[in-house]
Amino acid sequence: MLIEQEIFKKININAFQNDLIAWFKNEQRDLPWRKDQDPYKVWVSEIMLQQTRVDTVIPYFNRFIDWFPTIDDLAEADEDKVLKAWEGLGYYSRVRNLQSAVKEVREKYNGEVPSTPKEIAELKGVGPYTAGAILSIAYGIPEPAVDGNVMRVLSRILSIWEDIAKPSSRKVFEQAVRELISHEDPSSFNQALMELGALVCTPTSPSCLLCPVREHCHAFFEGVQNELPVKTKKTKTRDVQLTAAIITDTTGKFLIHKRPANGLLANLWEFPTVEIHHPMQIDREQIVTLFNKTLDLDIELEQIIGQIDHVFSHLVWNMKVYTGTITAKFQETNEWKLVSFEEMKEYAFPVPYQKMFKLYQSI
DNA sequence: TAATCGTGGTG
DNA sequence: TCACCAAGATT
């Protein structure tokens, strides 16, 4: 790669490290996962923080560590309870991978989180960023931990015009970190880059006048901090038409269904739902038939109580919500359960179904 | 590589 | 209202 030669010329590495780390030690936020360096807690926090804001993560992290204080606690827990701990956080495969990886750590590494790049990167759900974050923060090993913050900050400081939306450009920034990282305190260095990105070197209108490494910043020198980083975008969401129903039996219990183990919202619970492919040419009777045939049920729909629109990363759900009743003897299975209001609280429901139940309660 | 995988905050 | 965003990984 040709870029390293330039990096050495542009930056006084020692002064940059010192200014950055000194700022971090003074200004870092007091966060629950910074109270110690327990590799398990660092790991949990890094998984939670993937694509998720710090303020959102804090209460989830505290409750998760309360429920599962150690690797053994998480490894032995029921998946339904683990998912319940993650309910509302999103990207649920993160926590299923985490539990799977924790079990592997217990079996292969005697319960100790491995401390080599190769071994840690093999764990489920641990990609290049998370591997570097755990190695540097928990073990003090000078490995790059390149997330969106780091790419933004370094694209400005080093004036790197790579498109950070391209997966291939991450390695450019990893190489940059390898040239710049403090070997005396890699933990503070990596965290400082991210903290700077979160607090000062923000995506829009960065606070350059407050920046501790302003004098090292090529973009600030050239006045192009608002043009960096280069990031192409593409977002096309598709609409999905669904009909879902709150179905009760004669005792007032609710019919719930466990979603498939793969794909969207895997292994979470939902109220019975069918997809409507051609909403213009379907009547109520056909919807009932669709429920009974698709879901192998025997139910009757009562009335529409409203509509829930929910936006995911790559699609939008338009859910028509009905109430309904069970019209025949019902047999519980692993995927189908009839639960009381109190029992329902033990099951993890994704947000659209939480919205749906609130709608039901409001009528 | 591009698509998939959630949610809540923000300008 | 809506595009964009936030400590990415997997397929």
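These numbers come from the heavy atoms of this one structure, side chains and all, not from hydrogens, waters or symmetry mates. Per chain, numbering begins at 1; letters A, B, ... match sequence-line order.
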A.B. asks: Round to a whole Å and report the spacing from CG of A:L315 to P of B:dA3.
C.D. replies: 14 Å
A.B. asks: Which is true for A:S45 with a 4.0 Å heavy-atom rule: it touches a base, it touches only sugar-phosphate, or it touches nothing?
C.D. replies: nothing
A.B. asks: What's the closest nucleotide to the side chain of A:R53 if the choices are B:dT7, B:dG8, C:dA9?
C.D. replies: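 Per side-chain heavy atoms of A:R53, the pick is B:dG8.
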A.B. asks: With rounding to whole Å, what would you report as the distance between C:dA9 and B:dT1 at their P atoms?
C.D. replies: 16 Å
A.B. asks: Kindly say whether A:A75 contributes a backbone atom to a donor-acceptor pair with the side chain of A:R106 at under 3.5 angstrom?
C.D. replies: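 No; judged by distance alone, with no hydrogens or angles, the pair does not exist.
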A.B. asks: Figure out the CZ/C1' separation between A:R170 and C:dA9, and round it to whole Å.
C.D. replies: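 It is 10 Å, rounded to the nearest whole Å.
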A.B. asks: OH of A:Y91 versus P of C:dC5: gap in Å, rounded?
C.D. replies: 13 Å
A.B. asks: Hey, does the side chain of A:R152 come within less than 4.0 Å of C:dA6's phosphate (OP1/OP2), counting only N and O?
C.D. replies: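 A:R152 to C:dA6 OP1/OP2: side-chain N or O found under 4.0 Å.
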A.B. asks: Closest nucleotide of DNA chain C for A:R29 versus for A:N97: which of these residues is on the 5' side?
C.D. replies: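 Its nearest nucleotide being more 5', the pick is A:R29.
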A.B. asks: What nucleotide among B:dT7, C:dC5, C:dG8 has an atom nearest to a side-chain atom of A:T130?
C.D. replies: C:dG8
A.B. asks: Check this one for me: any side-chain N or O of A:T52 less than 4.0 Å away from OP1 or OP2 of B:dG6?
C.D. replies: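 Indeed not, no polar side-chain atom of A:T52 lies that close.
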A.B. asks: Classify the side-chain pair A:H257/A:E335 by whether it contains a donor and acceptor separated by less than 3.5 Å.
C.D. replies: no
A.B. asks: Indicate whether any N or O donor in one side chain lies under 3.5 Å from an N or O acceptor in the other, for A:T70 and A:D73.
C.D. replies: yes
A.B. asks: Would you classify A:K166 as touching base, sugar-phosphate or nothing, given that sugar-phosphate means primed atoms plus P, OP1 and OP2, and contacts are heavy atoms under 4.0 Å?
C.D. replies: nothing
A.B. asks: With heavy atoms under 4.0 Å as the rule, sort A:V57 into base, sugar-phosphate or nothing.
C.D. replies: nothing
A.B. asks: Nearest to the A:P350 side chain among C:dC5, C:dA9, B:dT7, which nucleotide is it?
C.D. replies: B:dT7
A.B. asks: Is a side-chain donor-acceptor pair under 3.5 Å present for A:T327 with A:E300?
C.D. replies: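 No, no side-chain donor-acceptor pair sits under 3.5 Å.
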A.B. asks: Would you mind checking if A:K345 and A:E87 are paired as a salt bridge, meaning a charged N to carboxylate O distance below 4.0 Å?
C.D. replies: no
A.B. asks: A:H314 side chain N/O closer than 4.0 Å to the phosphate oxygens (OP1, OP2) of B:dC5?
C.D. replies: yes
A.B. asks: Sticking with atom C1', work out how far B:dG6 lies from C:dC4, rounded to a whole angstrom.
C.D. replies: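 Their C1' atoms lie roughly 15 Å apart.
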A.B. asks: Round to the nearest Å and state the distance from A:Q99 atom CD to C:dA9 atom P.
C.D. replies: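 Roughly 20 Å, once rounded to whole Å.
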A.B. asks: Using a cut-off of less than 4.0 Å, is there contact between a side-chain N or O of A:H310 and OP1 or OP2 of B:dG6?
C.D. replies: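 Answer is no, no contact under 4.0 Å.
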A.B. asks: Select from A:P167 and A:Q50 the residue whose nearest nucleotide in DNA chain B is closer to the 5' end of that strand.
C.D. replies: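 Nearer the 5' end of the strand: A:P167.
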A.B. asks: Using whole Å, what does the distance between atom C1' of nucleotide C:dA6 and atom CE of A:M194 come to?
C.D. replies: 13 Å
A.B. asks: Under 4.0 Å, counting only non-hydrogen atoms across every strand here, what does A:I47 touch: a base, just sugar-phosphate, or nothing?
C.D. replies: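 Result for A:I47 = nothing.
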A.B. asks: Touch check for A:R259, heavy atoms < 4.0 angstrom, all strands: base, sugar-phosphate only, or nothing?
C.D. replies: nothing
A.B. asks: Given B:dT7, C:dC5, C:dA9, identify the nucleotide with an atom nearest to the side chain of A:P203.
C.D. replies: C:dC5
A.B. asks: May I ask you to say what A:W33 touches in the nucleic acid, namely base, sugar-phosphate or nothing, with a heavy-atom cut-off under 4.0 Å?
C.D. replies: base
A.B. asks: Assign A:T56 to base, sugar-phosphate, or nothing according to its heavy-atom contacts below 4.0 angstrom with the strands shown.
C.D. replies: nothing
A.B. asks: Just the rounded figure in Å: distance from P of B:dT4 to CG of A:L265.
C.D. replies: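 Value for this atom pair: 14 Å.
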A.B. asks: Counting the atoms with a prime plus P, OP1 and OP2 as sugar-phosphate, which does A:G197 contact under 4.0 Å by heavy atoms, base, sugar-phosphate, or nothing?
C.D. replies: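 Answer is nothing: A:G197 stays at 4.0 Å or more from every strand.
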A.B. asks: Between A:E104 and A:K124, is any pair of side-chain heavy atoms under 4.5 Å apart?
C.D. replies: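 They are not in contact (no side-chain heavy atoms under 4.5 Å apart), so the answer is no.
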A.B. asks: Could you tell me how far apart A:I164 (CD1) and C:dC5 (P) are, to the nearest whole angstrom?
C.D. replies: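 So the CD1-P distance, A:I164 to C:dC5, works out to 8 Å.
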A.B. asks: Looking only at side-chain atoms of A:D147, point me to the closest of B:dG6, B:dT1, C:dG8.
C.D. replies: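 Per side-chain heavy atoms of A:D147, the pick is C:dG8.
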A.B. asks: Does a nitrogen or oxygen in the side chain of A:Y92 sit under 4.0 Å from OP1 or OP2 of B:dT7?
C.D. replies: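 So the side chain of A:Y92 is within the cut-off, an N or O lying under 4.0 Å from OP1 or OP2 of B:dT7.
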A.B. asks: Judged by atom type as modelled, is there a donor-acceptor pair below 3.5 Å linking the side chain of A:T52 to the main-chain atoms of A:Q50?
C.D. replies: yes
A.B. asks: I want to confirm an ordering. Mapping A:G263 and A:T204 to their closest nucleotides on DNA chain B, which one lands closer to the 5' end?
C.D. replies: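 Nearest nucleotide further toward 5': that of A:G263.
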A.B. asks: Any idea which of B:dG6, C:dA9, B:dT7 is nearest the A:S313 side chain?
C.D. replies: B:dG6
A.B. asks: Atom CD1 of A:I58 to atom P of C:dA6: distance rounded to whole Å?
C.D. replies: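 To the nearest whole Å, that distance equals 17 Å.
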